[in-house]
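Only one structure is covered here, and it is reproduced in the block below.
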Amino acid sequence: QRPGVGGFKRLQKCNAQTAFWQEFSTLDGIDEEFAEQQWYLPSVVERALIDEESSVNPHHLLQSLDMSTKTREQALGALAESDAIDTYSSILTRDECYILQTYLLKNVEKELGIDNVDDCADWQVNLDVEELERLIGSHAVDRLFQVPSLLEDDPAIDNRSAFERVGIFIRVYERSPQGRPWMPFHSDGNAWTVNVALNDDADYEGGRLMALTDGALQVVERGQGDATCHRGSVYHAVSAMKRGKRYSMILFFHTDS
Ligand SMILES: O=C(O)CCC(=O)C(=O)O
Ligand SMILES: [Fe+2]
């Protein structure tokens with residue numbers, strides 16, 4: 001069993017090493033914490049996450065990632081499924097996306113927290129349903145809450161009371177000494193995740209939503225306002241940013257079963 005990244009960090013962190021991580025990283029100018037994590041990435045993971053190489057062997061990729069036996073079974077199940085993810089166009093309008101981007105940029109620095117996937121700064125602003133309704137209106141929130149029922153083709157979950165709890169946040173990605181350049185591979189511990197592109201893929205380079213499903217590493221293509229829905233079991237990541245800023249809104253739909 002190899003020690004986690006956190007263990008290495010506590011044992012080895014010193015100034016000389018800081019310079020070393022940054023020199024090692026192929027992405028100039030990223031936050032030292034991310035440069036350090038890149039050092040520990042298995043090469044197949046680095047090819048997918050940093051180089052956006054979609055032709056990597058998906059089973060080899062999953063084998064290289066640390067996870068519990070149960071999570072691995074679920075991730076392998078999702079990799080074999082062909083209906084675990086889909087993207088729906090124009091779930092939010094451009095104006096609704098800009099409102100959320102503006103709110104994010106205004107509040108992100110004062111709300112900086114630590115992400116539980118990689119223990120790095122999250123660069124996100126959490127929202128509850130009431131705040132989201134205040135920002136974009138209840139009709140827009142209704143559209144977002146309908147997305148899981150589109151994926152499952154199940155009218156029984158086409159209403160707000162079908163979910164026990166919904167976690168919501170908006171996030172910015174950026175290749176910068178202060179910013180989040182990527183999101184490493186992980187699964188979400190909820191039934192469905194809705195991931196909304198708050199700007200166009202064309203506004204930035206890198207920063208693609210990647211998902212291990214339908215037998216391969218899928219690279220999702222989206223325009224502003226498009227919403228991707230995937231089951232929580234699907235292993236996914238956001239590839240390294242090369243240029244520009246990427247804005248996303250994430251909704252975690254929890255059920256009690
Ligand atoms: O920001 C994104 O597009 C994905 C984020 C994500 O997967 C997560 O926070 O669980
Ligand atoms: Fe996620």
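Because the structure is a prediction, the values reported are computed rather than measured. When a ligand or atom number is given, it counts from 1 through the structure's own listing order.
When Tyr173, Phe185, Phe169, Trp182 are checked for heavy-atom proximity to atom 5 (C) of ligand 1, Tyr173 turns out nearest. By heavy-atom distance, the residue among Asn190, Thr193, Asn195, Asp118 lying nearest atom 4 (C) of ligand 1 is Asn195.
Under 4.0 angstrom from ligand 1, there are no non-hydrogen atoms of Val117. At a heavy-atom distance under 4.0 Å, no atom of His230 approaches ligand 1. If you look at Trp123 next to ligand 1, there are no close heavy atoms at all, none under 4.0 Å. Residue contacts with ligand 1, taken as heavy atom pairs separated by less than 4.0 Å, involve Ile250 solely via side-chain atoms from C-beta onward.
In terms of modelled atom types and a separation under 3.5 Å, the side chain of Tyr88 and the main chain of Leu151 share a donor-acceptor contact. Within the 3.5 Å criterion, the main-chain N or O of Trp123 finds no donor-acceptor partner in the side chain of Arg180. No side-chain donor-acceptor contact under 3.5 Å links Ser138 to the backbone of Glu133. Side-chain atoms of Gln218 do not come within 3.5 Å of backbone N or O of Met210 as any donor-acceptor pair. Not a single donor-acceptor pair under 3.5 Å links the side chain of Asn195 to the backbone N or O of Ser248. Of the possible donor and acceptor atoms, one in the side chain of Arg175 sits under 3.5 Å from a partner among the backbone N and O of Lys242.
Looking at Ser161 and Asn159, their side chains do bring a donor and an acceptor atom within 3.5 Å of each other.
Which parts of ligand 1 touch Phe252 is read off a 4.0 Å heavy-atom cut-off, strictly below it: atoms 10 (O). The contact set between ligand 1 and Val238, taken as ligand atoms under 4.0 Å from a residue heavy atom, comprises 2 (C), 3 (O), 4 (C). Heavy-atom contacts of Arg246 reach the following atoms of ligand 1: 1 (O), 2 (C), 3 (O) (cutoff under 4.0 Å). Close contacts between ligand 1 and Ser248 involve ligand atoms 1 (O), 2 (C), 3 (O) [criterion: under 4.0 Å to a heavy atom]. Close contacts between ligand 1 and Asp188 involve ligand atoms 10 (O) [criterion: under 4.0 Å to a heavy atom].
Under the ring-ring contact (aromatic ring centres under 6.0 Å, His included) criterion, the residue pairs touching residues 209-233 are His230-His236, with sequence neighbours excluded. For residues 210-224, there are no salt bridge (charged side-chain N to carboxylate O under 4.0 Å, His left out) pairs, not counting sequence neighbours.
The CH2 atom of Trp182 sits 4.0 Å away from the CD1 atom of Ile50 when rounded to the nearest 0.5 Å. Atom CG of Asp153 and atom CG of Asp86 lie 11.0 Å apart (nearest 0.5 Å).
Arg134 has no carboxylate O lying under 4.0 Å from a charged side-chain N of Asp128, or vice versa, which leaves the two without a salt bridge.
In this structure, atom 7 (O) of ligand 1 lies nearest to the protein heavy atom His236 NE2, 3.0 Å. For atom 10 (O) of ligand 1, the closest non-hydrogen atom on the protein side is His186 NE2, 2.9 Å. Distance from atom 9 (O) of ligand 1 to its nearest protein heavy atom, with residue and atom name: Arg171 NH1, 2.9 Å.
Applying the under-4.5 Å side-chain rule to Ile, Leu, Val, Met, Phe, Trp and Tyr, the cluster around Ile250 extends to Phe169, Phe252.
The shortest side-chain heavy-atom distance between Val196 and Val147 does not fall under the 4.5 Å cut-off.
For Arg222, no nitrogen or oxygen atom sits less than 3.5 Å from a nitrogen or oxygen atom of ligand 1, counting backbone and side chain alike. Residue Asp115 has no N or O atom closer than 3.5 Å to an N or O atom of ligand 1.
Around the Fe ion (ligand 2), the protein contributes the following N, O or S atoms at distances under 2.8 Å: His186 NE2, Asp188 OD1, His236 NE2.
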